[in-house]
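What follows is one structure encoded as structure tokens, with my remarks underneath.
Lettering follows sequence order; numbering is per chain, from 1. The analysis underlying the following values was restricted to heavy atoms, covering all of them including side chains, and did not include hydrogens, waters or symmetry mates.
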Protein chains: 2
Amino acid sequence: MAHAQVSVTERQRAVLRAVIHDYIHSAEPVGSRSVSRRHAFHLGPASIRNIMADLEELGYLAQPHTSAGRVPTDMGYRFYVDALMDPTRLTPEEEGLIERRFSPARGQVEGLMRETSQVLGSLSRCAGVVLGPRFEQLQVKRLEFVSLAPDRVLLILVSTSGVVHHKVVTVDEVLPQEELNRVARYLNDLLHGLTLREVRQVLLARMAEEKALYDRLLRRALHLGRKTVEGEPFAEVYIGGTTHIMEQPEFADGEKMRAIFAAFEEKSRLVKILDRCLDDAGLTVIIGRELEDVGLEELSVVASPFFQGGAPLGAVAVLGPTRMPYEKMVSLVGYTARLVSRLLAGEAS
Amino acid sequence: MAHAQVSVTERQRAVLRAVIHDYIHSAEPVGSRSVSRRHAFHLGPASIRNIMADLEELGYLAQPHTSAGRVPTDMGYRFYVDALMDPTRLTPEEEGLIERRFSPARGQVEGLMRETSQVLGSLSRCAGVVLGPRFEQLQVKRLEFVSLAPDRVLLILVSTSGVVHHKVVTVDEVLPQEELNRVARYLNDLLHGLTLREVRQVLLARMAEEKALYDRLLRRALHLGRKTVEGEPFAEVYIGGTTHIMEQPEFADGEKMRAIFAAFEEKSRLVKILDRCLDDAGLTVIIGRELEDVGLEELSVVASPFFQGGAPLGAVAVLGPTRMPYEKMVSLVGYTARLVSRLLAGEAS
DNA sequence: ATTAGCACTCTCTTTACGAGAGTGCTAAGA
DNA sequence: TCTTAGCACTCTCGTAAAGAGAGTGCTAAT
């Protein structure tokens, strides 16, 4: 209306919308006849055909073969999501359902993440994916060192949000528990409240500044501190409802399924995709090839970051076939992300 | 020879063995002709046919339809595993490969479990499953309580083997960190070195014994201690290499796959199955329907417990189609279980 | 006891064919 | 000029028929 599209008329938009709607719920190529019938345009099938031919030329639709109906392309979905889709809201029932499922998970960040992935999975009937708190961004609440063996130390890191990370390291010299306690006390004083990114900087600065390192305790402390924060994975990924993807008719073929599940096992690929969504303040939709991940070309992602104290902490997402009901996914993911942010805020001390 | 089978002749055994061998690597019904050819019996196809008919009557073989070859039944596999199979050993290359893959995981129990499931998966080309340390059996090394919010406490439990468990609980009264430290000190003295099973008993005994509970500190300590050990899952389950199962031709059908992956998501079902294997000191093979799990009728499990300090701690297993190379799986699982036990022993302080 | 021979059965693949759905194009109508 | 009715064409899909292939069970001969 106000902003006239350069090359896409209002009618073309209406037909594209209709085709996508039909295709999303039938999973079968959509013909001109059914569009003309089901959506009460005052247009006959022949006109629809002309318009569809135009849309195909524009790259929004494709034909699996001559004389089949049309199927949306990635580009078609993209246009739909950006310009055609009318946002819906979740029904109050759905919202209530989500909230109820979350209530038992109150207070445990990891449990919350896991539950979120499962809720998203079951409501979207796709895979629900959650990118957990970014390690770098966790704030140190407490460090703890436990001596497991003379040369082996368990490092435990508790963040203010209640996330616990731990790992075992081997040290060169024997460190009795006594000394570990002193080290922990020192580091806790030094690092309390800092994010791990800051911790890394502080430790490096200290180590440079006190080159000499006469103090053995100090030296050990800095050394152990570095071990704690180094080489950690970017973040944890939680996946729920993966079986729903198998229900989609487009993946009846076993080979495609394998490719997809291989990606699920290799979580780094999911991390890479979801990481892109963290920079955007709001909700992101990535469609098919836009994922730039060989093996996932036929999937789309709807993702949204969630926040703690104003900073994006992680992301929730739905991963399903490109033929997914985008409006619904957008509202579902958006609602869930806001809810998670709210729960996290309610928990921060 | 020495022990003449009541109803199974030596020749029948040989034919059954041959059929199972062929079927395991072809996945197709085995006919009399190919048995006669491939295995240089001095018997023609017709004789083989007679023997196969006998084996069918005995319940060891079945025909998908008249005039197809024979296929082993669950009972046939069972007989094969119990009486026919000749044990193999892994090749030194395979053993070396396993050991190398484990070396980076040294010292971290959780990492070791995860890695084990993946190694088993990739070497068996089936799903690798590990039932982690049984919670009940962990020995308390250290308890730690961190106050996250006035009414919310993070409980951390470190076991002597380096396993870390944690959870967040909500408490009725405000507990400052100061007091939590005192509580932790008390409980650490009381519980150090006990298994969680014993911890439970000790706490119950104390609570009964000191009914009055005049001491607030004591009351709180016992209360928090109970929260720490109660309601915990039986054990963690690690699964690796699930995608291999999809490669099996018998699961090309999407519906069967779904059933199987549903079981993977619902880990309690796997726990139930593997738990059965913990009681047996050695290796267990469970075939098809013997699993007694609707949805997994076409799978078999080869499992073996691993030990720490003489007590079974958890189990490693391979989960694949009933048509799996049992000899190889048995040696693989056996070797891996022994290796895991060894690595655990090497780590105990 | 073994096996050759044979008729029979069942699956799988190929081929043919018609129904159905959809298209593109052309020409007529608004 | 835009719309649409009509029509020939194309492609898929399901069904049916036919033949090849593999395997069996039975009988009779060795």
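- Taking side-chain N and O atoms only, R33(A) has no distance below 4.0 Å to OP1 or OP2 of dT4(D).
- The side chain of R37(B) contributes no N or O atom lying less than 4.0 Å from OP1 or OP2 of dA22(D).
- Here the P atom of nucleotide dA22(D) and the CD1 atom of I48(B) are 18 Å apart, to the nearest Å.
- When rounded to the nearest whole Å, the span between CG of N50(B) and P of dG5(C) equals 17 Å.
- Between F264(B) and F261(B), the ring centre distance stays below 6.0 Å.
- Among the nucleotides dC10(C), dT2(C), dC11(D), the one closest to the side chain of S67(A) is dC11(D).
- Here S47(B) lies in heavy-atom contact (under 4.0 Å) with a base.
- The closest side-chain heavy-atom distance from I287(A) to S300(A) is below 4.5 Å.
- For the 3.5 Å distance criterion, the side chains of D280(B) and T284(B) qualify, holding a donor opposite an acceptor.
- The separation between D54(A) atom CG and dT23(C) atom P is 13 Å, rounded to whole Å.
- The side chain of H65(A) sits closest to dC11(D) out of dG24(C), dG5(C), dC11(D).
- Checking each of E327(B), R17(B), R13(B) against Y80(B) for a side chain to side chain donor-acceptor pair (under 3.5 Å) leaves exactly one that passes, namely E327(B).
- Checking dT23(C), dT24(D), dA5(D) against the side-chain heavy atoms of R70(A) singles out dT23(C) as nearest.
- Applying the 4.0 Å criterion to OP1 and OP2 of dC10(C), one finds that T66(B) has a side-chain N or O inside that range.
- Rounding to whole angstrom units, CD of residue E28(A) and P of dG20(C) are separated by 16 Å.
- For R49(A), the listed nucleotide lying nearest its side chain is dC7(D); candidates were dC11(D), dG5(C), dC7(D).
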